[in-house]
Visitor: 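Sending over a structure as structure tokens; questions will come in a sec.
The shown structure was predicted, so the numbers you read here are calculated from the model rather than taken from an experiment.
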Amino acid sequence: MLLPKPYISVSQINLWYSDRQKYINRYFLNLPEEPSIYMNFGKQFAEDTEAYIKDGIIMETFPDFYIDKIQSFKGCEAEKEISLSINDIQVKGFIDAWDVENNRVIDFKTSGKPWTMDTLKDSLQMKVYALAMFVNGESIPESQINWLGTKITKNGLYFTGESHEIRHTFEMDDLLKGIVLIEQTCKEISQHYKSFLTT
């Protein structure tokens, strides 16, 4: 299957459905992605959480209200790379934290809108992570979202101090539906990419 990249990621799939032109600009035309306040904010928090989980370092930019809560993740494997082969499709990604002792996939989310159980159950990203770790283990891992609320003002983006965690274990049928969606999406992207290359 001909794709613009040798692998697909959940973020690519999400972008294909949310903003097709932006996907084409980035992956067909190889135009650089324009930075946004949300992207920079999320990237900084990801770097801060990784610094603590890996090395126990609390960065200056890490939110004070979350210091006690992040401590429970010390010892987990941070930014664990996953690679999954679905027929001839290579799927790649990074898990924020992998708790091997409790067989749990953990992902941190920062947003203005709270994550709910329904959001987690509908998350293709978490299904892919669970599937990848299930393939390498004995049972489907528990999926956990740690949500931190944010608010945008004229001065920038800030944490609100709100946070919660949600846990759910997917059924095999959920994971199979995720596989089907990935295959369908890649076929669609491939068709558009082939047309793009011939025009």
Side-chain angles (χ1 to χ4, degrees), residues 7 9-14 35-84 90-152 156-172 174-175 178:
Y7 65 89
S9 66
V10 174
S11 61
Q12 287 183 48
I13 292 173
N14 289 339
S36 71
I37 186 173
Y38 299 101
M39 184 174 71
N40 292 338
F41 189 89
K43 184 178 179 181
Q44 182 64 62
F45 181 68
E47 291 173 354
D48 291 350
T49 54
E50 183 180 359
Y52 180 78
I53 294 171
K54 277 187 175 179
D55 304 310
I57 300 171
I58 298 291
M59 307 297 286
E60 290 184 4
T61 47
F62 192 83
D64 292 338
F65 78 92
Y66 209 70
I67 290 176
D68 289 341
K69 294 181 180 179
I70 196 67
Q71 291 178 14
S72 64
F73 302 106
K74 187 76 166 64
C76 291
E77 188 174 349
E79 284 297 297
K80 180 173 180 60
E81 184 175 7
I82 61 110
S83 183
L84 195 63
Q90 297 301 313
V91 184
K92 290 192 176 184
F94 290 89
I95 297 173
D96 286 347
W98 166 238
D99 182 352
V100 64
E101 288 188 15
N102 296 299
N103 194 30
R104 185 178 299 148
V105 170
I106 302 156
D107 203 66
F108 296 94
K109 298 294 183 185
T110 59
S111 63
K113 186 177 181 180
W115 270 63
T116 65
M117 181 60 75
D118 286 340
T119 317
L120 171 53
K121 288 181 178 180
D122 290 339
S123 172
L124 177 62
Q125 177 188 30
M126 299 308 288
K127 290 174 186 175
V128 168
Y129 290 172
L131 179 62
M133 302 317 295
F134 171 55
V135 168
N136 295 313
E138 297 179 355
S139 61
I140 298 174
E142 185 175 44
S143 295
Q144 177 176 316
I145 290 292
N146 282 62
W147 172 80
L148 293 82
T150 60
K151 181 180 181 179
I152 190 162
L157 192 61
Y158 299 93
F159 286 109
T160 63
E162 296 176 281
S163 69
H164 63 240
E165 66 180 44
I166 312 164
R167 294 178 183 176
H168 173 67
T169 302
F170 292 105
E171 300 291 336
M172 179 56 71
D174 298 320
L175 304 186

Visitor: Mind checking the CD-OG spacing from E165 to S72? Nearest 0.5 Å is all I need.
Guide: 7.0 Å
Visitor: Where the side chain of T49 meets the backbone of F45, is there a donor-acceptor pair that is under 3.5 Å apart?
Guide: yes
Visitor: Could I get the full list of ring-ring contact (aromatic ring centres under 6.0 Å, His included) partners for Y66, not counting sequence neighbours?
Guide: none
Visitor: Once salt bridge (Lys or Arg N to Asp or Glu O under 4.0 Å) is applied, do any residues pair with E47, and if so which ones, sequence neighbours excluded?
Guide: none
Visitor: Take N103 and W98 through the test side-chain contact (heavy atoms from CB on, under 4.5 Å) and record every step on the way to the result.
Guide: CA-CA 8 Å; N103 194 30; W98 166 238; 3.2 Å; yes
Visitor: side-chain contact (heavy atoms from CB on, under 4.5 Å) between L120 and M126: does it pass, once the steps are laid out?
Guide: CA-CA 7 Å; L120 171 53; M126 299 308 288; 3.7 Å; yes
Visitor: Is a side-chain donor-acceptor pair under 3.5 Å present for D48 with Q44?
Guide: yes
Visitor: Rounded to the nearest 0.5 Å, how far apart are CG of D107 and OG of S143?
Guide: 9.5 Å
Visitor: Please determine whether side-chain contact (heavy atoms from CB on, under 4.5 Å) holds for the pair Y158 and K151, giving the CA-CA distance in whole Å, both sets of side-chain angles, and the decisive distance to 0.1 Å.
Guide: CA-CA 5 Å; Y158 299 93; K151 181 180 181 179; 5.5 Å; no
Visitor: With rounding to the nearest 0.5 Å, note down the distance linking NZ in K113 to OG1 in T150.
Guide: 13.0 Å
Visitor: Are K109 and Q125 close enough that some pair of their side-chain heavy atoms sits under 4.5 Å apart?
Guide: yes
Visitor: Would you please indicate if the ring centroids of Y129 and F134 are separated by under 6.0 Å?
Guide: no
Visitor: Taking T110 for the side chain and G42 for the main chain, is one N or O donor matched with an acceptor at less than 3.5 Å?
Guide: no
Visitor: Please tell me if the side chains of I106 and D96 come closer than 4.5 Å, counting only heavy atoms from C-beta onward.
Guide: no
Visitor: Quick check: do D99 and F73 have side-chain heavy atoms less than 4.5 Å from each other?
Guide: no
Visitor: Hey, mind stepping through I67 and I58 against side-chain contact (heavy atoms from CB on, under 4.5 Å) and telling me if it holds?
Guide: CA-CA 8 Å; I67 290 176; I58 298 291; 4.1 Å; yes
Visitor: Please name the pair of heavy atoms, one in K74 and one in I53, separated by the smallest distance, quoted to 0.1 Å.
Guide: CD-O, 4.0 Å
Visitor: Distance under 6.0 Å and angle within 45° of the ring axis: does K92 meet both against Y7?
Guide: yes
Visitor: F41 and F159: aromatic ring centres closer than 6.0 Å?
Guide: yes
Visitor: With a 4.5 Å limit on heavy-atom distance, are the side chains of E142 and V105 in contact?
Guide: no
Visitor: Is there a donor-acceptor contact under 3.5 Å from the side chain of H164 to the main chain of W115?
Guide: yes
Visitor: What closest approach, in Å, do K127 and K121 show between heavy atoms, and which atom pair accounts for it?
Guide: CE-O, 3.2 Å
Visitor: Atom CE of residue position M59 - does it have more than 12 heavy atoms of other residues, nucleotides or ligands inside 6.0 Å?
Guide: no
Visitor: Is any side-chain heavy atom of I166 closer than 4.5 Å to a side-chain heavy atom of T119?
Guide: no
Visitor: Using the ring-ring contact (aromatic ring centres under 6.0 Å, His included) criterion, which residues pair with Y52? Sequence neighbours excluded.
Guide: none
Visitor: Just checking, is any N or O donor in the side chain of Q144 or N146 under 3.5 Å from an acceptor N or O on the other one?
Guide: yes
Visitor: Backbone N or O of E171 within a donor-acceptor pair of the D174 side chain at under 3.5 Å?
Guide: yes
Visitor: Output the distance between atom OG (S123) and atom CZ (F170), rounded to the nearest 0.5 Å.
Guide: 6.0 Å
Visitor: Less than 4.5 Å apart, any side-chain heavy atom of V91 and any of S9?
Guide: no
Visitor: Looking only at the side chains, is there a donor atom on one of S163 and W147 sitting less than 3.5 Å from an acceptor on the other?
Guide: no
